[in-house]
Every structure is written in C-alpha cells, then in structure tokens.
Amino acid sequence: MGVEVLAISTDSRFSHKVWHEVELSKMVEGGIPFPMLSDQGGRIGAVYGVYDEEAGVNIRGRFIIDPDGIIQAMEVLTPSVGRNPDELIRQLQAFQHVRATKGAEVTPSGWQPGKPTLKPGPDLVGKVWQVWKVE
Amino acid sequence: MAQEIDSCVKPAAGPLIPEATAAPAISAGVRPMLPLARVGKEAPDFEASAYIPGEGFKNVKLSDYRGKWVVLCFYPGDFTFV
C-alpha cells in the first residue's frame, strides 16, 4: 500500500529495543518493520492531543497523514481497548482512492475497494439513492 | 567515517512548531503545548529519537516522510498488555 508506520510512546529508545527483542519479535515473525519513536515527556503527544498528564503516557491515538503532510483521519481510544487494523486499512484504501481521483470520486459509508464510489456534483444532489444502496 | 557515539542521552527536538503558531511563552523556556492536530490540517512536525529494528538508534523527523502516506500510532507503553 506504500504506507509508512511510525509507532510512538513515552518509553525510551532503549526500552523499545528490549521490548522488540524479548516480546514483539516473538509475536511477529521477523520482528516489526517500522521505527519505534520515543516521546519522553509527552511533548509530541500533547501537540497531537493524546498525552494523558495524570498517567504520564500517550493514549491510543492513530493519525493517517497523506503525502502532503495533511492529517486525513484520527482515531483516539482509551488504553484498555485495542485498535482494529482492518478498519485502518479500509480507511487508507479509501483515502488513497479519493486522492488518486483528485477528489472527483468520494467513498460512501462502509466502502471497500471495488464497490461503487460517488461522483459529487450538482447532478448527484437528491439522487444518491439511485446509485448507492445501504447493504 | 568515525562511528557515531550513541550515549545515554540523545537530544531530539520534539515538536517543531513555527513560532507564529506556538502559544506565547509564559516564562523563558516554558511554552504550553496546545493540541494542534486537526483533520484536514497539516500534521505538526516533530523530531524524536527512535529505535529502528534492524538498523539501531536514529532520530526521526515526521517531515522526512513527506511524499509518503504515514500512519502515526501513539500507544501507552512498551510491555503493556493490549
């Protein structure tokens, strides 16, 4: 998909290395293929609105950033619930499709690759029901 | 080329916020960090120290990834359960 992942927490880079060696590399064959960034002090998390000052950690915030450096999506969860990578991938596919059409096509609710898109414009007003159905 | 020494402490700039958009300093060296991340707006740039599996330690800047799709994933901590 041509996407770079950056993981970031308030841990040190040394902690990242040991966690990768003793646990992550045993969960994922070959280890994880992306950089693990250190945000000690939570200054970066604060700017992204995900730093919990009472706990001193960054909560689960996920940002999709396009090739122009624009944030296209964000999702923030409290720590106890993990994320759904399938939905992340679906959103990436949708944003990449919209970008490839330079915005001429947009993706309706629940869109998956291969499903119909919408072409926004005056002719579509009031007629979405003709070209797209709730599944 | 001499090997770069990676000691206990490696400074990284953290948020790289243009002066114009940063909140005014209350006292020297103290600047409250306000959330700046918004959908449809430029992702606030930053520099962080990093561990890159297979490569080692390196400082990483978000703006180095311009031209690529990036998923930036914050998480509470190494060795947590979820």
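Throughout, a chain's letter reflects where its sequence line sits, starting with A, and its residues are numbered from 1. All values below were derived from every heavy atom in this structure, side-chain atoms included, with hydrogens, water molecules and symmetry-related copies excluded.
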*Going through the distances and angles, do Y51(A) and F74(B) end up as a ring-ring contact (aromatic ring centres under 6.0 Å, His included)?*
CA-CA 9 Å; Y51(A) 183 63; F74(B) 290 87; 9.8 Å; no
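- In this structure, chain B has a heavy atom under 4.5 Å from the side chain of L88(A), while its backbone stays farther away.
- In terms of heavy-atom pairs under 4.5 angstrom with chain B, the leader among Q40(A), Q72(A), M74(A), Q96(A) is Q96(A).
- Only the backbone of A73(A) comes within less than 4.5 Å of a heavy atom in chain B; its side chain stays farther off.
- Of the two parts of K68(B), the backbone and the side chain both hold a non-hydrogen atom closer than 4.5 Å to a non-hydrogen atom of chain A.
- Contacts of Y75(B) with chain A are made by both backbone and side-chain atoms, with heavy-atom separations under 4.5 Å.
- For I59(A), the part lying near chain B is the backbone, with the side chain staying farther off; criterion is any non-hydrogen pair under 4.5 Å.
- At a 4.5 Å heavy-atom cutoff, E55(B) makes no contact with chain A through either its backbone or its side chain.
- Stacking of R13(A) on the aromatic ring of F57(B) is recorded, both the 6.0 Å distance cut-off and the 45° axial limit being met.
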*Verify side chain to side chain contact (heavy atoms under 4.5 Å, CB included) between V71(B) and R62(A), making sure each step is shown before the conclusion.*
CA-CA 7 Å; V71(B) 173; R62(A) 179 222 73 185; 3.9 Å; yes
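- Side-chain atoms of N58(A) never come within 3.5 Å of backbone atoms of P76(B) as a donor-acceptor pair (strictly under, hydrogens ignored).
- Options S12(A), G2(A), G31(A) differ in how many heavy-atom pairs under 4.5 Å they form with chain B, and the most are formed by G2(A).
- If you measure heavy-atom distances from D68(A) to chain B, the contacts under 4.5 Å come from the backbone alone.
- Contact of S80(A) with chain B is made through the backbone alone, with heavy-atom distances under 4.5 Å.
- For H20(A), the part sitting under 4.5 Å from any heavy atom of chain B is the side chain, from C-beta outward, and nothing else.
- Taking the six-membered ring where the residue is Trp, Y48(A) and F46(B) present perpendicular rings, their angle passing 60° and hence far from 30°.
- Interface residue V3(A): backbone and side-chain heavy atoms are both found under 4.5 Å from chain B.
- When A37(B), C73(B), A50(B) are compared by the number of non-hydrogen pairs under 4.5 Å with chain A, C73(B) comes out ahead.
- In this pair, F79(B) and W19(A) present their aromatic rings tilted. The plane angle is within the 30 to 60° band.
- Most heavy-atom pairs under 4.5 Å with chain B: of the set L24(A), V57(A), D39(A), I65(A), this distinction falls to I65(A).
- The part of V81(A) that comes within reach of chain B is its backbone (N, CA, C, O), which places non-hydrogen atoms under 4.5 angstrom from that chain.
- Using a 4.5 Å cut-off between heavy atoms, L92(A) contacts chain B through its side chain alone, with no backbone atom that close.
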